[in-house]
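Excluded from the calculations below are hydrogen atoms, water molecules and symmetry mates; all remaining heavy atoms, backbone and side chain alike, are included. Please read all numbers here as calculations on a predicted model, not as lab measurements.
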Amino acid sequence: MKSKRKWLFRALTICLLLAIAGTMFIIGRGHTIYLDNKTIDYEGQTYEGPYQIVVYVDDEQVAKLNKRDRGMATCIGQGFNMVLEITQEKGGEAATMGVTMTLPYNMDGIIINLPALLAGLPQDAYLEQFVPAVPDVPEDEEIVTDELEMLEAVPEV
């Protein structure tokens, strides 16, 4: 009797820990969000960025983007809320807009193109995954990883 009860408590404890871990995995997922104020071409139409966009996340200014600028914000969880102060032209009046969106779970680095978002385009037009560029190394260039070889390669004066 005690043996069955002991195994039941162990199984329930493991299930509880797995449920907590799964919940924390989803809730605590961090995202790096890159905010672009760049011109975008979508389905043959060009969408120009406003003169300036000031981005606030959690009542804190995270980016001040002029045309062709990129800013960055971080977010924990799947929900992302930001407030945009949009100035269409230099010296113009700023309009405020609140944006709430659910971030894709499978992406860490996310690029949000603000002109496409403001134009009301679908999510595939304004949201994409950030892929860092890898510098090209010529194949004939030898990469020296040993410090002694580097010292031997230095010509004497």
Side-chain angles (χ1 to χ4, degrees), residues 1-88 92-137 139 143-147:
M1 182 74 171
K2 280 190 172 188
S3 177
K4 282 185 178 181
R5 188 174 178 188
K6 183 168 59 170
W7 283 107
L8 179 65
F9 280 120
R10 286 181 182 174
L12 289 174
T13 303
I14 290 172
C15 289
L16 178 67
L17 289 174
L18 288 174
I20 291 171
T23 303
M24 293 307 295
F25 186 70
I26 292 171
I27 292 173
R29 173 102 165 93
H31 298 276
T32 303
I33 301 166
Y34 300 97
L35 305 158
D36 280 352
N37 186 14
K38 297 179 181 179
T39 301
I40 184 170
D41 292 322
Y42 183 73
E43 294 184 350
Q45 226 174 353
T46 301
Y47 297 91
E48 291 280 332
Y51 169 71
Q52 186 177 70
I53 302 175
V54 181
V55 182
Y56 295 92
V57 176
D58 297 328
D59 295 326
E60 180 182 332
Q61 181 179 330
V62 295
K64 189 174 191 178
L65 307 171
N66 292 322
K67 280 190 178 181
R68 297 176 297 280
D69 280 350
R70 175 178 280 174
M72 186 184 85
T74 55
C75 174
I76 303 295
Q78 297 308 109
F80 181 61
N81 302 316
M82 64 181 162
V83 176
L84 306 174
E85 283 185 4
I86 306 152
T87 307
Q88 291 294 339
E93 191 71 27
T96 303
M97 177 182 175
V99 177
T100 300
M101 64 176 58
T102 302
L103 300 174
Y105 179 73
N106 60 343
M107 291 185 193
D108 177 31
I110 299 171
I111 300 173
I112 298 175
N113 185 286
L114 296 176
L117 176 70
L118 295 172
L121 297 179
Q123 186 176 10
D124 66 321
Y126 67 81
L127 194 131
E128 65 180 282
Q129 185 164 4
F130 177 76
V131 179
V134 178
D136 292 331
V137 177
E139 289 184 30
I143 299 174
V144 179
T145 58
D146 187 14
E147 292 177 9

- Message: On a heavy-atom basis, which atom in Gly49 and which in Thr39 lie closest, and how many Å separate them?
- Response: N-OG1, 4.2 Å
- Message: Applying the side chain to side chain contact (heavy atoms under 4.5 Å, CB included) criterion to Val55, which one of Met82, Glu85, Gln61 satisfies it?
- Response: Met82
- Report yes if some heavy atom in the side chain of Leu121 is under 4.5 Å from a heavy atom in the side chain of Tyr47; otherwise report no. yes
- Message: Side chains of Ile53 and Leu35, heavy atoms from C-beta outward: is any pair under 4.5 Å?
- Response: no
- If you measure from CG on Leu18 to OG1 on Thr13, what distance do you get to the nearest 0.5 Å? 11.0 Å
- Message: Exactly one of Val62, Val83, Leu84 should register a side chain to side chain contact (heavy atoms under 4.5 Å, CB included) with Tyr56. Which one does?
- Response: Val83
- Shortest non-hydrogen contact from Pro104 toward Leu127: CG-CD2, 3.6 Å
- Message: Rounded at 0.5 Å granularity, tell me how far CD1 in Ile86 sits from CG in Leu65.
- Response: 11.0 Å
- Message: Restricting to side-chain contact (heavy atoms from CB on, under 4.5 Å), what partner residues turn up for Lys67, sequence neighbours left out?
- Response: Glu48
- Query: Going from CG on Asn113 to OH on Tyr126, what distance comes out if it is rounded to the nearest 0.5 angstrom?
  - Reply: 11.0 Å
- Please step through side-chain contact (heavy atoms from CB on, under 4.5 Å) for the pair Ile111 and Arg70, ending with a clear verdict. CA-CA 9 Å; Ile111 300 173; Arg70 175 178 280 174; 3.6 Å; yes
- Ile110 versus His31, closest heavy-atom pair with distance: CD1-ND1, 3.8 Å
- Task: Check the surroundings of atom CG in Asp124: do more than 12 heavy atoms from other residues, nucleotides or ligands lie under 6.0 Å from it?
- Result: yes
- Query: When you measure from the side chain of Asn37 to the backbone N and O of Gln52, does any donor-acceptor pair fall under 3.5 Å?
  - Reply: no
- Task: Decide side-chain contact (heavy atoms from CB on, under 4.5 Å) for Phe80 and Ile33; before the verdict, give the C-alpha distance in whole Å, the side-chain angles of both, and the deciding distance to 0.1 Å.
- Result: CA-CA 10 Å; Phe80 181 61; Ile33 301 166; 3.5 Å; yes
- Task: Take Trp7 and Arg10, measure what side-chain contact (heavy atoms from CB on, under 4.5 Å) needs, and give me the verdict at the end.
- Result: CA-CA 5 Å; Trp7 283 107; Arg10 286 181 182 174; 3.7 Å; yes
- Message: Is the shortest side-chain heavy-atom distance between Val57 and Cys75 below 4.5 Å?
- Response: no
- So, for Ala116 and Ala125, which heavy atoms are closest and what is the spacing to 0.1 Å? CB-O, 4.2 Å
- Query: Is the shortest heavy-atom distance from the side chain of Leu118 to the side chain of Pro50 under 4.5 Å?
  - Reply: yes
Check residues 95-102 and write down every donor-acceptor pair under 3.5 Å in which the side-chain atom is one partner and the other belongs to a residue at least two apart or another chain.
| unit_1 | atom_1 | unit_2 | atom_2 | d |
| --- | --- | --- | --- | --- |
| Thr100 | OG1 | Asn81 | OD1 | 3.0 |

- Query: Any side-chain heavy atom of Leu114 sitting closer than 4.5 Å to one from Leu117?
  - Reply: yes
